[in-house]
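Structure first, then comments.
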Number of protein chains: 2
Amino acid sequence: MNDLTPLNVRNAAAQHDASLARRGCPVSDLKDRLRKSGLRPTRQRISLGWLLFAKGDRHITAESLFEEAMRARVPVSLATVYNTLHQFTEVGLLRQLAVDGSKSYFDTNVTDHHHFFVEEDDQLMDMPMEVAVGELPAAPAGMEIARVDVIVRLRRLPG
Amino acid sequence: MNDLTPLNVRNAAAQHDASLARRGCPVSDLKDRLRKSGLRPTRQRISLGWLLFAKGDRHITAESLFEEAMRARVPVSLATVYNTLHQFTEVGLLRQLAVDGSKSYFDTNVTDHHHFFVEEDDQLMDMPMEVAVGELPAAPAGMEIARVDVIVRLRRLPG
DNA sequence: TTACGTGCAAATAATTTGCAGTCCC
DNA sequence: GGGACTGCAAATTATTTGCACGTAA
């Protein structure tokens, strides 16, 4: 593991901006996040984490991430992709979404937000602005609200 | 088909309330609804419709309706239950809900409303009041909103 | 009669699991 | 070195499909 040298070299410059330093070495940042979550930073988890988090907010399925890994020549099994997605979800790195009764989607954006869904092309999009869900009825006795999911289903306009 | 006699008998009393008259013979009412939707009122569709609509608003899965049919000694295959649920959904007698990535739920309440979902026991409930979803962002160009689904996920409070 | 429905069993799709071997700490 | 992790293949779960037979119009 010789990724320590580059970090040391830029130590002085990064002193005033830790996040910049981390941005300089996303792999070691990812390792830290995994370790802090109690997950061993294995080859597969780092590769998948790299694919997931390097390109901004994304909505992926197990199958689509697996294909992406294959294309990137990352050797990983489909079973491990499923395991990794669920482990990442448990520790809060991902959020799982139920949009159609069949496959599960995972969102790399774990902040509070809602979604558009275009059924025709199975496409999920984050909603550009915060949607205020007005007055929710109180949760039944002995219950508390864990999460509110809003999905706005879109249809392509004819013409 | 001798279910006409009871209808005729109460004709006079029902004159001022057609819906009451229909409530008097739900089977023939169901047949009409099916026929109007372009679905042949077959033995299986009538039996399943009876199970679905006789007891007020319900949330069922293919598997749960199949079990219910078995218990009621209604001879029907699981494949037909799936077909029937989807056909009923297409003609607007049911509404399909995606709550968890795995199985599909069907709601006999097709009016606009939202849901509570208790993950621990896979239980779905209609929300008691209309929830106003505030200001939705405009649909992207060339799109229109087909439906808005709100699911409030509940967690059992400890203690 | 005849097209539409249904039952059954086999096919698919998404996901999970068991276990032998591998790798991080 | 030892327990956590991975890969593979087989098992599960939810759902769909093909086709011979049944039945409502």
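Every value quoted in this text rests on a predicted model; they were computed, and no experiment measured them.
In the hydrophobic cluster analysis, where Ile, Leu, Val, Met, Phe, Trp and Tyr join through side-chain heavy atoms closer than 4.5 angstrom, A:L65 is grouped apart from A:Y105. With hydrophobic clusters built from ILVMFWY side chains whose heavy atoms lie under 4.5 angstrom apart, B:L97 does not share a cluster with A:I151.
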Expected rows: protein N/O vs nucleotides 8-10 of chain C N/O, under 3.5 Å:
none

Scan nucleotides 19-23 of chain D against the protein and return all N/O pairs shorter than 3.5 Å with their distances rounded to 0.1 Å.
{"residue": "D:dT23", "atom": "OP1", "partner": "B:R43", "partner atom": "NH2", "Å": "3.3"}

- Give the C-alpha distance, both sets of side-chain angles, the deciding distance and a yes or no for salt bridge (Lys or Arg N to Asp or Glu O under 4.0 Å) between B:K55 and B:E68. CA-CA 13 Å; B:K55 312 183 201 163; B:E68 200 171 327; 3.2 Å; yes
- B:K103 and B:D122: CA distance, side-chain angles, deciding distance, side chain to side chain contact (heavy atoms under 4.5 Å, CB included) verdict: CA-CA 10 Å; B:K103 53 186 150 228; B:D122 271 29; 3.8 Å; yes
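Between A:F53 and A:F88, the ring-plane angle classifies as parallel under the 30° and 60° cut-offs.
Of the possible polar contacts, one joining the A:D107 side chain to the A:N109 backbone as a donor-acceptor pair under 3.5 Å is found. Side-chain atoms of B:R43 do not come within 3.5 Å of backbone N or O of B:P75 as any donor-acceptor pair.
In this structure, A:L65 atom CG and C:dA14 atom P are separated by 15 Å, rounded to whole Å. Computed from coordinates, the B:L39 CG to D:dA24 C1' distance equals 13 Å when rounded to whole Å. If you measure from atom CG of A:L78 to atom C1' of D:dC8, you get 11 Å, rounded to the nearest angstrom. Whole-Å rounding puts the B:I46 CD1 to C:dG5 P distance at 13 Å. Across the protein-nucleic acid pair, B:E90 atom CD and C:dG5 atom P stand 11 Å apart, rounded to whole Å. The CG-P distance, from A:L85 to C:dT15, rounds to 9 Å in whole Å. Atoms CD (B:Q87) and P (D:dT15) sit 16 Å apart, rounded to a whole Å. The distance between atom CZ of A:F66 and atom P of C:dA14, rounded to the nearest whole Å, is 13 Å.
Every residue meeting the ring pair (Phe, Tyr, Trp, His ring centres under 6.0 Å) condition with B:F106, not counting sequence neighbours, appears here in chain and number order: B:H86.
The closest side-chain donor-acceptor pair between B:S104 and B:Q96 falls under 3.5 angstrom.
The side chain of A:Q44 contributes an N or O atom lying less than 4.0 Å from OP1 or OP2 of D:dG7. Residue B:T80 places at least one side-chain N or O under 4.0 Å from the OP1 or OP2 atom of C:dG7. For the OP1/OP2 pair of C:dT16 and a distance below 4.0 Å, the side-chain nitrogens and oxygens of A:Y82 include no atom meeting the criterion. The phosphate of C:dT16 (OP1 or OP2) has a side-chain N or O of A:H86 nearer than 4.0 angstrom.
Applying the ring pair (Phe, Tyr, Trp, His ring centres under 6.0 Å) test to pairs two or more places apart or on separate chains, those with a residue in residues 54-81 of chain A are A:H59-A:H115. Legend: salt bridge (charged side-chain N to carboxylate O under 4.0 Å, His left out) pairs involving residues 86-100 of chain A, not counting sequence neighbours, sorted by first then second residue: A:R95-A:D149.
Taking 4.0 Å as the cut-off between side-chain N and carboxylate O, A:R155 and A:E119 do not count as a salt-bridged pair.
Residues A:E63 and A:N83 each lie close to DNA chain C; by heavy-atom proximity, the contact nearer the 5' end of the strand is made by A:E63. A residue-by-residue look at B:P41 and B:T61 shows that B:T61 has its nearest nucleotide of DNA chain D further toward the 5' end.
Shown for residues 99-110 of chain B: residues whose heavy atoms fall under 4.0 angstrom of DNA chain D, namely B:K103, B:S104.
The side chain of A:R45 lies closest to D:dT6 when the candidates are D:dT6, C:dG7, D:dT16.
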